[in-house]
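What follows is a short report on a single structure.
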Amino acid sequence: MRREFRPAQIGRLNGAARPAEWPTARIIVSHMPAGSDDGFVKDIRKQSQDFPGWYNDVVRKAELADNSPVAGSMVIRPYGYSLWENIRDPLDALIKQTGHENWYFPALIPLSFLQKEKEHVAGFAPEFQLVTHGGGKELEEPLVLRPTSETMIASVLRNYIQSYRDLPVLTNQWNNVFRWELRTRFFLRTREFLWQEGHTFHETAAEAEEEVDRMLECYRQICEDWCAMPVFLGRKSETEKFAGAQYSTAVEAMMKDGKALQAGTSHYFGQNFTRAYDLTFTDRSNQREHPHSTSWGMSTRMVGAVVMAHGDDFGLQLPPRIAPIQVVVVPIFRTEDEKSQIQEALGPALHPAAGVRVKVDWRDERPGFKFNEWELKGVPLRIEVGPRDLAKGEVLLVRRLDRSKKESVPLLMLKSRLPEALSEIQQAMYARALQFRTEHTVRLDSLAAMVDFFEHRIGFVITPWCGRAEDEKLVQERTGGATTRVIPKNAAKPAGACAVCGTPAVSDVIWAKAY
RNA sequence: CGGGGCGUAGCUCAGCCAGGUUAGAGCGCACGGUUCGGGACCGUGAGGUCGGUGGUUCAAAUCCACUCGCCCCGACCA
C-alpha cells in the first residue's frame, strides 16, 4: 500500500560498474560448528522471550548508550552517537533543501511564556523542569528547561515578522529538550533527549498545511530510504494530537514486537500560537493578521526505532546507509608475515577513496570472538580474509542478514562488489521489514475481533472509525492498551460502519499498542 | 503516588535465616606465555567505606531501627 522502495545510493559510495571480464562471485553456504549457532548468545536476552530485556541488553552491549549518574537520562556512546549522526545529517540536508534555516534559541524559557497558550501548558506542565535559582539568589520568575520551543520561537519571531513580505519564515533548530518522564527507556523515552524542531510561519493556512505535509514526507524518506523502516503516514486523532495543535500528523513504524512507534510528527497550529503570542503581520490588503504556524520534530528516538525494527537474537542489524561501520574486516593470521600479506592485499581494495565506511579489526582477539561482537553491533557486511583466501586471491563476504552464507569474492572485484552488496542489503532490509509489517497488519470490522486480535496476536489493526474519543477509550480498556495511531493518508473513505460503535464511519484508522 | 523486589569488586551474584580468623566465585581488567577460519587456555596480579546513619553485642555484610538509591507492575508520554 506504500510506494515502491526507491533504490538508494549507499551513503557516499561511488557505484563503480563491474567490468564484464572479471570473474563472478560464488556463494557458498558454510556450516558452523555444532553448538555455535543454537540460538544461545552470550550477554543478551532473547528477543522472542523478553523483548524489553533484549532491547535493553542490545543497547548497552552494542555500546549505543548506557545509564548515567542522572536518573532518567542516558549517556549516548560514540557508536550510538555516530548512528544518530547518520540519521541526523541526511535529515538536516533535507530540511535545508526544503528551504529551512537553522537557528538556535535558548534552552531556558520564562515560565510565563509557556502559560500563554492554554492547551499547550495543560499538556506540558506535568513535565516541566524548573530553574529557580541563579547566582545564589532566587529568580524573580522561574525558568523552564524547554520541553519544546513553540513559545520561545513565537516570542522571538514577533520582532522579525512585520509584513507578508517577511513570510514565510522557515526555522529549524537542533537541540536537547527536557521532559520529566516517569518510566524511561533508552532512546525511546528519557528525561533529556536530542532532536530537531522545525517551526514555520506562513501567510495562509493552505501554505502552512502544505508545509506540514512536506515535512512529514521528509520524515518518511528518512525512515524508509535511510533507516529501511516502512511507515504509515497519517493524521492523529483528537486525543492523540499535540497539545495546542489544530491537528497533528505522524509517521508510525512497526517494531518487531508488533508495537507501533511514532517516528516523527508534524503539526498544524493554525493561528493558535501566533494569536496567543500576539504575533502579527500586515497582509496584502493592509490588514493586521496572525500568521499560520507549524512545527515538526524527529528525535534520537529514531535510534531505538532502528534497533527494534531490525534487530534479532544476535543483536543489532543496521541498514547500510546509516551504519557507522558498513564493512568490518576480520583478518585471520598467525604470524607477522601473514599479517603483512593481508595488509598488502587489502590496501588498494579498501582505500578510503572507495567511499565505503570500513574498519579493519586488528585487535589481538580470536576471529570467532570478533565475528560475534561485530554481529552484535549490527555491522551489515563482514570480510573474512586469511592465508587460505589470499592463496586463491579471494576474500569471504558475510552479510549480517544471513550469517551462515559466505560469499567468496575475488580481491579484484572487492571494490565494486562492496557498494553493490551494501545496496542489496539496504533493499533487503526494507523488504523484510515491509513483509513483517504486512504479515502483522489486519483489517477488522468489529470490537470483538479487535479484542481477540490484541489478546492473541501482535501488530496493527485497521478498521473503519467514526472518530469519537469514547471509542478510543473503550478500545484501550478492552484491548489492554491499544490506541489509535494514525488515520492513514489518502485512504479511501470506508463505506461501512465504525468497528467500535456501529455508527457511520468517517475514515479508516490504525490501532496498535504503542511506545 | 499505590503494590512487589533488590542494594556485597567494573558486571552478575554467593555468604545473611542459626553473628566469630585476613569477605568469596564467575566474568571483565593488567602482565607473561601458549593460541588464532564461529565467543581459547594456563599462570600471576590489581581491584571492596559489604548503599548510608544510628543501635544491640566482647564481636555485625549477617540482628534491630531509620534513611537513601535502584529495578519491576499500575495512572502520563517525542
Side-chain angles (χ1 to χ4, degrees), chain A residues 28 30-38 40-44 50 52-53 56-57 60-61 66-67 69-72 122-127 146-149 175-185 187-197 219 236 239-243 245 248 250-252 261-267 295-305 314-315 330-335 338-339 342 362-376 382-391 395-396 398 403-404 406 408 476-477 480-481 483 514-515:
Chain A
I28 56 181
S30 71
H31 299 282
M32 289 188 229
S36 71
D37 197 21
D38 58 2
F40 174 73
V41 177
K42 232 156 80 175
D43 300 335
I44 60 174
D50 179 4
N56 210 51
D57 291 344
R60 291 174 48 169
K61 300 294 179 185
D66 212 338
N67 290 315
V70 182
F124 275 105
E127 302 182 51
R146 66 177 159 223
T148 179
S149 303
N175 61 20
N176 54 346
V177 284
F178 299 82
R179 298 173 188 184
W180 197 256
E181 300 294 351
L182 299 179
R183 261 194 80 195
T184 57
R185 306 248 268 135
F187 293 108
L188 306 177
R189 194 175 305 107
T190 50
R191 288 185 180 174
E192 177 183 359
F193 61 93
L194 306 180
W195 74 346
Q196 114 334 273
E197 49 176 324
Y219 293 153
K236 285 284 177 182
T239 46
E240 295 285 332
K241 77 174 185 185
F242 179 83
S248 293
V251 286
E252 294 277 338
L261 187 132
Q262 179 172 304
T265 49
S266 184
H267 314 288
S295 86
W296 26 276
M298 180 174 264
S299 73
T300 37
R301 173 178 257 201
M302 282 295 288
V303 174
F314 299 95
V330 177
I332 297 152
F333 60 92
R334 278 164 239 241
T335 62
E338 286 175 346
K339 182 177 177 181
I342 292 170
W362 288 114
R363 286 177 307 166
D364 185 19
E365 295 286 353
R366 294 160 72 92
F369 175 86
K370 295 179 184 177
F371 296 163
N372 284 287
E373 185 174 276
W374 292 114
E375 280 170 7
L376 170 59
R382 176 174 79 235
I383 294 173
E384 299 176 17
V385 54
R388 293 213 297 265
D389 308 295
L390 287 186
V395 297
L396 288 179
V398 186
R403 313 171 319 124
S404 61
K406 302 199 177 188
S408 178
Q476 188 165 8
E477 284 165 7
T483 53
Y515 278 99

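- Of all nucleotides present, none satisfies the Watson-Crick or G-U wobble test against B:C50 with each distance under 3.5 Å.
- Across all strands shown, A:Pro147 has no heavy atoms under 4.0 Å from either base or sugar-phosphate atoms.
- Here A:Phe369 does not count as stacked on B:A40, because the ring centres are not under 5.5 angstrom apart with planes under 30°.
- The partner of B:G24, taking Watson-Crick or G-U wobble pairs whose two distances both stay under 3.5 Å, is B:C13.
- For B:G37, the base has no donor-acceptor partner in the side chain of A:Arg334 [N/O atoms by modelled type, under 3.5 angstrom].
- Nearest to the side chain of A:Lys406, among B:G38, B:G37, B:A78, sits B:G38.
- Annotation: A:Phe242 is in aromatic contact with A:Phe124 [ring centroid separation under 6.0 Å].
- Scanning for salt bridge (Lys or Arg N to Asp or Glu O under 4.0 Å) contacts around A:Glu373 gives A:Arg363, with sequence neighbours left out.
- Side-chain contact of A:Ser295 with A:His267: a donor-acceptor pair under 3.5 Å is absent, judged by distance alone.
- No contact: A:Arg60 has no heavy atom under 4.0 Å from any strand.
- Under the side-chain contact (heavy atoms from CB on, under 4.5 Å) criterion, A:Thr483 pairs with A:Glu240, A:Gln476, A:Arg485, A:Ala514, not counting sequence neighbours.
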Atom pairs, protein N/O to nucleotides 70-76 of chain B N/O, distance under 3.5 Å:
from: B:C73; atom 1: OP2; to: A:Arg183; atom 2: NH2; distance (Å): 3.1

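- Here the straight-line distance linking atom CD1 of A:Ile44 with atom CG of A:Asn56 works out to 11.5 Å at 0.5 Å rounding.
- Checked by distance alone, A:Glu375 brings a side-chain donor or acceptor within 3.5 Å of a matching partner on the base of B:G38.
- Judged by distance alone with a 3.5 Å cut-off, a donor-acceptor contact links the side chain of A:Arg366 to the base of B:U35.
- Of all nucleotides present, only B:C42 satisfies the Watson-Crick or G-U wobble test against B:G32, with each distance under 3.5 Å.
- Among the protein residues, A:Gly297 comes within range of no part of the nucleic acid, since none of its heavy atoms lies under 4.0 Å from any strand.
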